[in-house]
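These numbers were taken from a predicted model, which means no experiment stands behind them.
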Protein chains: 2
Amino acid sequence: MYNINYNQTEKYSEMFKALSNPYRLKIFLYLATHCRPGELSTNDEMRYTVGELGEDLEIAQSTVSHHLKELRQSGLIRMERKSKNVECWVEQETLDFMTAFFEVTQD
Amino acid sequence: MYNINYNQTEKYSEMFKALSNPYRLKIFLYLATHCRPGELSTNDEMRYTVGELGEDLEIAQSTVSHHLKELRQSGLIRMERKSKNVECWVEQETLDFMTAFFEVTQD
DNA sequence: ATTATACATCGACATATTTCGAATTATATC
DNA sequence: GATATAATTCGAAATATGTCGATGTATAAT
């Protein structure tokens, strides 16, 4: 019998829920895979605005906004207003947290 | 811009949905963490029956059955009838598939 | 101040999920 | 065959989620 941090299961289930919706998963993957290696998420080049995501992924604007909010609340992405736009990018720490989950399940 | 297997996003969102429910996540973690290293899932010792899961996790029996079905359909666990009981265990291949997801999001 | 652009929130409807007791099915025992 | 045990399916009610047009709000430009 092994210790697992059962306190964190709520957090994990929230993040899994965030990724369970096809639109949200697509948005998340789009952000994650457009982060070129070596570049930091602090670099404007690899952030996407709400509008860009809607256009690129062909999702209604209000729907994108709604889903981004959920992704943000679960901790998977971060958002920051930059003048008229709101920029979005993945939260690396949360990714590491997720990766840890599947390490716990190994051996 | 990086290749990602967008064909597999449906499968991934299904698995994430399976883990998004607190009960299902607990069941899955219970199965996963009670697999002691070195033992194979083909070993009866580390399988759990539907009834055991319900008792140990204090979930109504029909609820457990329902959630196990969803975990199985998403490919996260396997089930096999053994006389009166149905034994459950995690599907290692699917775990690897999940782990791969977060490797894709890295770098 | 007016106008334009980008995003968030609201409202509303449709659909899906969750949960568990009750009824049903499968298997074993006597 | 009758009974007991284990699990699935059914039914039903409550709750949650998904979607998007319409409306509201924040910022910038003129």
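Across all strands shown, B:Ser83 has heavy atoms under 4.0 Å from sugar-phosphate atoms exclusively, and none from any base.
Between D:dT17 and A:Arg24, no contact under 4.0 Å exists linking OP1 or OP2 to a side-chain N or O. Listed pair A:Thr63 / D:dT19 fails the phosphate criterion, with no side-chain N or O lying under 4.0 Å from OP1 or OP2.
Partners of B:Glu58 according to the side-chain hydrogen bond (donor to acceptor under 3.5 Å, both in side chains) rule, which considers only residues two or more places apart in sequence or in another chain, do not exist here. For B:Glu55, there are no salt bridge (charged side-chain N to carboxylate O under 4.0 Å, His left out) partners at least two apart in sequence or on another chain. A search for salt bridge (charged side-chain N to carboxylate O under 4.0 Å, His left out) contacts involving A:Glu80 returns A:Arg47, not counting sequence neighbours. Every residue two or more places apart in sequence or in another chain that forms a ring pair (Phe, Tyr, Trp, His ring centres under 6.0 Å) with A:Phe16 is listed here: A:Phe101, B:Phe16.
The nucleotide range of DNA chain C contacted by chain A, defined by atoms under 4.0 angstrom from heavy atoms of the protein and reported 5' to 3', is C:dT5 to C:dT9.
Between B:Glu14 and B:Lys11, at least one side-chain nitrogen of the basic residue sits less than 4.0 Å from a carboxylate oxygen of the acidic one, meeting the salt-bridge criterion.
Looking at heavy atoms from C-beta onward, B:Leu53 lies in side-chain contact with B:Leu31 at the 4.5 angstrom threshold. Using a 4.5 Å heavy-atom threshold, the side chains of A:Ile59 and A:Ile27 count as touching.
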Sequence-aligned protein contact record of nucleotides 4-9 of chain D, with B where the base is within under 4.0 Å of a protein heavy atom and S where only the sugar-phosphate is: -BSBBB
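The aromatic rings of A:Tyr12 and A:Phe97 lie parallel to each other, with less than 30° between the two planes, well short of the 60° mark.
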